[in-house]
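Residue numbers begin at 1 in each chain, while the letters A, B, ... track the order of the sequences.
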Amino acid sequence: MIQLTFPDGTIREYEKGISGIEVAKSISEGLARNVLSITVNGEVRDADRPIDEDAQILLNTWSDEEGKATFWHSSAHLMAEALEELYPGVKFGIGPPIDNGFYYDIDLGDRQLNPSDLDKIEKKMIDLGRKKSEFERKEVSKKEAISYFEEKGDEYKLELLQDLKDGEITFYTQGEFTDLCRGPHIPNTGMIKAVKLLSLAGAYWRGDENRKMLTRIYGISFPKQKELKEYLALLEEAKKRDHRKLGAELELFMFSDRVGAGLPIWLPKGQVIRDRLQQFLKKEQEKRGYKMVITPHIGKKDLYVTSGHYAKYGEDSFQPIQTPKENEEFLLKPMNCPHHCEIYGNKPHSYRELPIRIAEFGTVYRYEQSGELHGLSRVRGFTQDDAHIFCTKDQLKDEFLNVLDLTKVVLDKMGFEDFTAQISLRDPSTPEKYLGTKENWDAAEQAIIDATEEAGMKAKKEIGEAAFYGPKLDFMVKDAIGRSWQLGTIQVDYNLPERFELEYIGADNKAYRPVMIHRAPFGSMERFMSILIEHTAGKFPLWLSPEQYVIIPVSQVFNDYADEVSKALSSSGIIGEVDNRNETIGKRIREAEVQKIPIMLIVGESEKENRSVSVRMQGKGDIGTMTIMEFIEFFDLEKERGA
RNA sequence: GCCGGCAUAGCUCAGUUGGCCAGAGCAGCUGAUUUGUAAUCAGCGGGUCGGGGGUUCGAAUCCCUCUGCCGGCUCCA
């Protein structure tokens with residue numbers, strides 16, 4: 001007998017060798033039908049494999065992440081089976097589950113797939129699923145495995161096999177399809193009832209752009225048709241929040257082919273929001289001892305040779321601009337730090353002055369590959385809410401805390417609760433990749449870890465993700481369609497102070513090198529705006545709204561009163577317009593609703609008489625009548641509330 | 001940059017296997033209407049079918065090329 005411990009702590013006894021499905025059956029038939037895989041002592045396995053020892057056990061169903069992953073992984077295999085039947089001779093790369101669904105990378109030789117082929121593949125998958133083929137696991141020797149794929153002529157699987165140890169190789173077979181696979185898989189393909197293949201894409205084999213490009217098919221699947229429908233509806237909804245769509249509809253920003261790809265143009269309304277964000281941050285920074293500066297958009301090539309950026313990124317950047325007569329070379333500023341280092345180096349510094357915090361809304365230009373450009377999220381010209389803090393080693397942790405606090409204030413204010421933080425540390429096994437001494441690195445990494453803990457912030461640590469010049473902490477936020485973007489960043493840098501030979505005079509009258517912290521709580525105004533637009537679906541909080549109200553006089557007779565109200569509001573700092581166009585009220589209200597103007601004020605006979613306004617809130621409807629003074633108070637309260 | 005797809009009026013889209021002066025709704029303009037909480041009515045204007053080149057008697061439609069956009073890959077200071 002063996003003892004199995006369930007997540008709720010209960011322990012049950014079973015015969016040795018019992019399968020996960022049988023265990024599920026002992027609890028309920030329903031559970032047995034729904035179990036997709038099991039986790040035994042932390043290892044995810046097929047639900048029908050025998051359990052031979054006492055263990056902690058989890059029965060994974062569709063409601064568990066592990067269950068979903070198993071389901072989607074099996075779906076990838078089902079797709080592969082369908083592909084092999086439809087396109088004999090197709091070769092397979094890898095086919096893993098992802099956050100939302102699965103993909104498989106395939107090589108079809110000379111054949112090309114069109115989006116219309118996806119329907120065909122889907123249908124085949126459903127057909128094959130009806131056979132309810134079981135996934136059979138088989139342990140094979142490396143030799144057997146190699147000969148199998150040699151015969152099949154699949155060089156990708158052969159390459160994958162090279163990295164696998166003999167004795168750890170398993171095959172999974174369902175129906176006519178056999179794949180090299182660690183597993184686990186769901187009990188049978190019949191559980192996959194709903195499939196949608198979402199897109200076709202090219203993907204380099206093993207992510208290496210020097211290698212062959214395979215065809216990647218993305219898909220998603222569900223145990224029930226209804227869930228698929230709901231998911232697709234959700235995707236449609238998400239698309240409506242896309243900042244590229246809303247940005248155009250609400251006239252926040254635009255792009256122009258003639259100006260150039262990836263170069264955003266901010267329209268008046270977008271500019272208002274951006275400016276409010278900057279004013280907000282400026283105030284917070286002033287409280288924390290930052291000094292604002294302004295530096296030029298270009299700098300001599302030498303500046304970046306000194307900083308080391310030219311050597312590292314020069315070839316992949318916008319190329320230098322030459323002056324016509326002297327033949328000097330200038331680069332478009334790809335980052336602000338070299339300029340800020342020059343500011344620091346402008347005069348000698350005493351340890352008493354540190355930390356020095358230099359801030360700038362600095363616009364930088366970076367050459368991003370054309371295929372990488374994406375709305376406001378990835379552009380070629382953008383403005384960082386940049387600052388560089390020059391401090392002593394001992395001040396590092398406090399400064400880090402100071403920045404963390406600021407970042408949290410910013411994210412809180414925006415209502416971004418679902419961000420994740422990542423601490424990027426060096427890989428100790430490759431010290432040659434990093435600049436600076438071990439002692440400095442240890443101290444900096446510890447300072448970051450301590451500071452995040454002290455700030456009560458959860459952050460996952462990623463070994464080997466540090467920049468060559470120092471460890472960092474990044475804040476990631478997801479967009480409407482679930483893509484993850486880096487917003488804020490805090491980076492420790494030992495490299496630049498060295499390269500620019502920055503110094504301060506210590507208490508002992510000797511020269512020391514300061515440590516530098518790069519930080520940007522928004523990251524860039526552009527990317528931050530993209531996320532803000534998607535999170536709010538364009539319904540900005542009052543304090544950010546570029547047009548806070550619109551006054552709609554019932555008829556032209558009340559235009560004068562509308563203007564009067566407007567004046568009263570603008571003198572109270574409330575921004576908006578009068579819509580006195582010769583249109584019906586219904587029409588003007590509809591347009592204000594569509595434009596997501598938060599407050600509509602309707603004025604007519606009775607309002608004029610009582611010096612009042614009839615207030616309608618966007619998305620909520622009529623909330624009643626109040627006097628102008630009452631409305632101003634109401635507005636301030638709403639604004640305060642963060643509405 | 002690479003793979004695949006897309007590009008028709010300001011916007012959203014029609015446009016059968018290449019064939020008369022390229023269409024609709026919304027927006028715009030003009031006029032009527034003077035409106036009480038999500039689209040008043042009528043009339044009018046508007047497109048070198050993304051740019052360039054080619055095939056053809058004839059191209060929005062087929063081919064090449066450039067530009068931009070979309071979905072990915074790679075990269076990201």
Side-chain angles (χ1 to χ4, degrees), chain A residues 98 103 105 108 112-118 198-218 239 242 244-245 248-249 251 255-262 304 307-310 312-314 316-317 333-338 364-375 378 380 382 384 386 467-469 472 481 483 485-486 489 491 493 495-496 518 520 524 552-559 580-595 600-607 614-625:
Chain A
I98 50 177
Y103 67 80
D105 284 346
L108 284 159
Q112 264 187 9
L113 283 188
N114 289 314
S116 58
D117 295 319
L118 296 180
L198 298 163
S199 63
L200 277 172
Y204 298 108
W205 170 233
R206 308 205 108 177
D208 182 345
E209 71 180 299
N210 298 314
R211 306 200 61 180
K212 189 164 177 175
M213 181 160 271
L214 305 180
T215 303
R216 177 170 296 181
I217 307 176
Y218 283 93
K239 275 189 200 151
D242 191 314
R244 291 166 297 186
K245 191 171 155 61
E249 282 171 7
E251 297 183 8
F255 288 92
S256 147
D257 291 2
R258 246 186 286 211
V259 172
Y304 305 100
S307 72
H309 294 115
Y310 190 78
K312 197 165 167 65
Y313 301 106
D316 299 321
S317 297
K333 175 163 78 172
M335 49 195 342
N336 305 299
C337 27
V364 297
Y365 299 90
R366 298 179 186 177
Y367 174 76
E368 298 287 353
Q369 301 189 88
S370 59
E372 266 307 318
L373 302 173
H374 184 96
R378 178 160 285 118
R380 285 175 171 167
F382 57 99
Q384 296 179 309
D386 211 357
F468 71 94
Y469 51 79
K472 58 177 181 169
I481 344 180
R483 283 178 288 226
W485 297 96
Q486 179 201 309
T489 180
Q491 309 183 0
D493 189 343
N495 179 42
L496 282 183
H518 309 249
S524 77
I552 302 173
V554 167
S555 83
Q556 313 258 304
V557 180
F558 307 107
N559 284 353
N580 57 17
R581 287 174 306 160
N582 182 11
E583 297 285 354
T584 59
I585 299 208
K587 170 104 168 213
R588 283 175 289 162
I589 285 178
R590 182 185 150 75
E591 284 189 12
E593 288 277 351
V594 170
Q595 281 293 307
M600 287 149 265
L601 301 172
I602 288 88
V603 295
E605 186 69 50
S606 68
E607 285 79 9
S614 171
V615 183
R616 181 191 166 99
M617 303 282 282
Q618 201 271 342
K620 295 196 189 87
D622 190 357
I623 62 162
T625 304

The residue, Arg483(A) or Ser614(A), whose nearest nucleotide of RNA chain B is more 5′ is Ser614(A)
Under 4.0 angstrom between Tyr204(A) side-chain N/O and C2(B) OP1 or OP2: no
How far, in whole Å, is U48(B) from U65(B) if one measures between their P atoms? 26 Å
P atom, A24(B) versus G15(B): distance in rounded Å? 15 Å
Below 4.0 angstrom from OP1 or OP2 of G71(B), is there any side-chain N or O of His374(A)? yes
Does Ser307(A) make a side-chain donor-acceptor contact with the base of A77(B), cut-off 3.5 Å? no
Rounding to an integer number of angstrom, what distance separates G19(B) and U56(B) when you compare their C1' atoms? 12 Å
Tell me which nucleotide, if any, is Watson-Crick or G-U wobble paired with A60(B) when both distances must be under 3.5 Å. none
Taking a pair as Watson-Crick or G-U wobble with both distances under 3.5 Å, which nucleotide is matched to A24(B)? U12(B)
Stacking between G72(B) and Tyr218(A), yes or no? Criterion: centroid separation under 5.5 angstrom, plane angle under 30 degrees. no
How is Arg216(A) classified with respect to the nucleic acid when contacts are heavy atoms under 4.0 Å: base, sugar-phosphate, or nothing? sugar-phosphate
Any donor-acceptor N/O pair under 3.5 Å between G1(B) base and Tyr367(A) side chain: no
Single hit among Arg216(A), Arg211(A), Lys212(A) for salt bridge (Lys or Arg N to Asp or Glu O under 4.0 Å) with Asp105(A): Arg216(A)
Per atom distances to the Arg244(A) side chain, the nearest of C76(B), C70(B), U40(B) is C70(B)
Is there a donor and acceptor pair, one atom on the side chain of Arg366(A) and one on the base of C76(B), closer than 3.5 Å? no
Taking the side chain of Val554(A) as its heavy atoms from C-beta onward, which of A77(B), G36(B), C75(B) lies nearest to it? G36(B)
What nucleic acid atoms does Ser317(A) come within less than 4.0 Å of, heavy atoms only: base, sugar-phosphate, or nothing? base
Can you check the Leu200(A) CG to G4(B) P distance for me, whole Å? 10 Å
Distance, P atom - from G53(B) to A59(B), rounded to whole angstrom: 13 Å
From the list A77(B), G72(B), U37(B), which nucleotide is the closest neighbour of the side chain of Ile602(A)? U37(B)
Between C11(B) and U16(B), how many Å separate the two P atoms, rounded to a whole number? 22 Å
Min side-chain heavy-atom separation Lys472(A)-His518(A) under 4.5 Å: no
Check if the side chain of Arg588(A) and the base of A39(B) share a donor-acceptor pair of N or O atoms closer than 3.5 Å. no
Figure out the NZ/P separation between Lys587(A) and U35(B), and round it to whole Å. 18 Å
Gln384(A)/Asn336(A) under side chain to side chain donor-acceptor pair (under 3.5 Å): CA gap, chis, key distance, verdict: CA-CA 9 Å; Gln384(A) 296 179 309; Asn336(A) 305 299; 3.1 Å; yes
G-U wobble or Watson-Crick pairing nucleotide for A7(B) (cut-off 3.5 Å, both distances): U67(B)
What nucleotide among U37(B), C73(B), A77(B) has an atom nearest to a side-chain atom of Ala203(A)? C73(B)
Does a side-chain N or O of Ser199(A) approach OP1 or OP2 of G71(B) to a distance below 4.0 Å, or not? no
Distance between the C1' atoms of G54(B) and G18(B), in whole angstroms? 15 Å
Between G36(B), U34(B), G72(B), which one does the side chain of Ser606(A) approach most closely? G36(B)
Looking only at atom C1', what distance separates C66(B) and A7(B), rounded to whole Å? 14 Å
Can you find a donor-acceptor N/O pair under 3.5 angstrom joining the side chain of Glu607(A) to the base of G36(B)? yes
Where the side chain of Asp257(A) is concerned, which of A77(B), A38(B), G68(B) is the nearest nucleotide? G68(B)
Any strand is fair game: report the nucleotide pairing with G46(B) by Watson-Crick or G-U wobble, both distances under 3.5 Å, or none. none
Kindly point out which of G72(B), G28(B), G68(B) is positioned nearest to the side chain of Arg581(A)? G28(B)
Between A9(B) and C29(B), how far apart are the C1' atoms? Round to whole Å, please. 15 Å
